[in-house]
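Before any comments, here is the structure.
Per chain, numbering begins at 1; letters A, B, ... match sequence-line order.
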Protein chains: 2
Amino acid sequence: MSDTIEQKCLSKGVKLTDQRRIIAKVMSESSDHPNVDELYNRVSKIDSKISIATVYRTVKLFEESGILTKHEFKGGKARYEELNEGHHDHLIDVKSGEIIEFVDEEIEKLQKKVAEKYGYNLVDHKLELYGIKKKSQ
Amino acid sequence: MSDTIEQKCLSKGVKLTDQRRIIAKVMSESSDHPNVDELYNRVSKIDSKISIATVYRTVKLFEESGILTKHEFKGGKARYEELNEGHHDHLIDVKSGEIIEFVDEEIEKLQKKVAEKYGYNLVDHKLELYGIKKKSQ
DNA sequence: ATTTAAATTTTTAATTATTTGCATTTGTTT
DNA sequence: AAACAAATGCAAATAATTAAAAATTTAAAT
């Protein structure tokens, strides 16, 4: 676990307020990928006065500052995750909704290669695998 | 270009009405990936009485019947595309919005391998590359 | 320490994309 | 043709998100 979001805000010059600090803390302590609703519920437990509009604005601010990433998995609401050095993709259990993070360097390389082939510089990408857990025997 | 959507409906037992036939025709003749608005505009030129609710209902029906696929590219509205045998992924020009289709068998294989590694059967996946066109020299 | 200005938050209203309820129309069965 | 089902159009309802206005907090300047 690397820097907290609060530390990242400091080093990036993102101003912190009480509510932003709480949102930052909750996100930093979340090991899953909460959507705004879930995040709002968690911060509400710490300060019930925080409005959902602030949560929306803050995750957007953090995203624009490169502190969080937004995922738009199939058919659901946007989910947020702290952005750390180690990039990864996601494998989603279609039954339970569980999200597994993975990295595959080979796939990464091939993606870049595909973009190059068409004359593009790859600036972003999204890879999501949807799977069903195999019966363990 | 394979079967038209109308033919697919016949072979799959999806009932066709005048408006569905028009929507099917417009989709079959579209080589891009229209969103519902764009599709609605195109069908309106043929029959201005078709309502957007019908367009929504029809693309959903076609999707559930395995005739269309729905793409939820970053930050925009859902886009639809005719589903043919040849699966492919998408490279999106972040400046122009242009969408390029590509296939990379190696990536496909690796995806399956990753899912297996975590004990999953891959049932679906989404790979989108976002790129900026290189200056052609 | 007050005043002033700027930024942020809350509350509420507005938007956007999509879906649904319901009356009407169209199609099918008898 | 009457009766029933299915599909459509319209308008209202939802859901997620954003924006506007007013209130409050924070920071800066006197």
Side-chain angles (χ1 to χ4, degrees), chain A residues 5-6 9-10 12-27 33-65 67-81 97, chain B residues 5-6 8-10 12-27 32-65 67-81 97:
Chain A
I5 292 174
E6 189 164 340
C9 286
L10 290 183
K12 298 202 185 217
V14 173
K15 211 176 287 177
L16 278 168
T17 62
D18 288 356
Q19 22 281 83
R20 286 182 187 171
R21 218 180 309 272
I22 290 171
I23 294 167
K25 182 161 187 293
V26 170
M27 273 306 300
H33 305 67
N35 60 38
V36 172
D37 258 17
E38 291 164 346
L39 184 53
Y40 173 63
N41 286 334
R42 293 176 200 177
V43 306
S44 293
K45 283 188 191 140
I46 301 176
D47 178 351
S48 63
K49 305 239 57 192
I50 293 180
S51 84
I52 197 159
T54 298
V55 178
Y56 270 107
R57 256 187 273 107
T58 303
V59 291
K60 192 180 217 178
L61 170 70
F62 286 172
E63 194 205 353
E64 286 162 357
S65 313
I67 293 168
L68 296 181
T69 21
K70 180 182 189 175
H71 300 296
E72 286 170 302
F73 298 134
K74 292 218 292 187
K77 349 198 159 168
R79 295 187 166 277
Y80 288 87
E81 174 185 14
Chain B
I5 292 175
E6 189 165 340
K8 284 176 191 158
C9 286
L10 290 184
K12 298 202 183 215
V14 173
K15 209 177 289 178
L16 278 167
T17 63
D18 289 355
Q19 22 281 82
R20 286 182 187 172
R21 218 179 311 270
I22 291 171
I23 294 167
K25 183 163 186 290
V26 169
M27 273 306 299
D32 57 348
H33 305 67
N35 59 40
V36 172
D37 258 18
E38 291 164 346
L39 184 53
Y40 173 64
N41 287 334
R42 293 176 200 177
V43 306
S44 293
K45 283 188 190 140
I46 301 174
D47 178 352
S48 63
K49 304 240 56 191
I50 292 179
S51 85
I52 197 159
T54 298
V55 178
Y56 270 106
R57 274 190 286 243
T58 303
V59 290
K60 191 178 215 177
L61 169 70
F62 287 173
E63 195 205 352
E64 287 162 356
S65 312
I67 294 168
L68 296 181
T69 21
K70 179 182 192 175
H71 299 296
E72 287 171 301
F73 298 134
K74 292 215 293 186
K77 347 194 162 172
R79 295 186 166 277
Y80 288 87
E81 175 185 15

d(CD1, B/I52; C1', C/dA17) in whole Å: 9 Å
Heavy-atom check, side chain of A/F62 versus side chain of A/C9, under 4.5 Å: yes
From CD1 of A/I22 across to C1' of D/dT25 the rounded distance in Å is 15 Å
side-chain contact (heavy atoms from CB on, under 4.5 Å) partner of A/V55, chosen from A/V26, A/I22, A/V43, A/D37: A/V43
Have a look at A/S51 and say if it touches a base, only the backbone sugar-phosphate, or nothing, with a 4.0 Å heavy-atom cut-off. base
Is any side-chain N of the basic residue among B/E6 and B/R21 closer than 4.0 Å to the acidic one's carboxylate O? yes
Comparing B/E72 and B/D18 on DNA chain C - which has the more 5′ nearest nucleotide: B/E72
Rounded to whole Å, how long is the line connecting atom OH of B/Y56 with atom P of C/dT18? 4 Å
Closest to side chain of B/A78, choosing from C/dT18, C/dT20, D/dT17: C/dT18
Check the distance between D/dA16's P and A/K70's NZ and give it to me in whole angstrom. 13 Å
Could you check how far NZ of B/K60 sits from P of D/dA7, rounded to whole Å? 15 Å
Among C/dT19, D/dG9, C/dT9, which nucleotide has an atom closest to any side-chain atom of B/Q19? D/dG9
OP1, OP2 of C/dT8 versus side-chain N and O of A/R57: anything below 4.0 Å? no
Contact class for A/R20 (heavy atom, under 4.0 Å): base, sugar-phosphate, or nothing? sugar-phosphate
In whole angstroms, the gap separating P of C/dT15 from NZ of B/K77 amounts to 15 Å
Look only at the side chain of A/R20 and the backbone of A/K15, and say whether a donor-acceptor pair between them is shorter than 3.5 Å. yes
Side-chain N or O of B/T17 closer than 4.0 Å to phosphate OP1/OP2 of C/dT26: no
With a cut-off of less than 4.0 Å, is there a side-chain N or O of B/T54 near OP1 or OP2 of D/dA7? no
Using side-chain contact (heavy atoms from CB on, under 4.5 Å) as the criterion, point out the one residue from A/V36, A/L39, A/N41 that pairs with A/I52. A/V36
Counting side-chain heavy atoms from C-beta on, which of C/dT10, C/dT20, C/dT8 comes nearest to B/A53? C/dT20
Between A/I50 (CD1) and C/dT10 (C1'), how many Å, whole number? 12 Å
Expressed in angstrom and rounded to an integer, what is the separation of B/R79 atom CZ from C/dT16 atom P? 17 Å
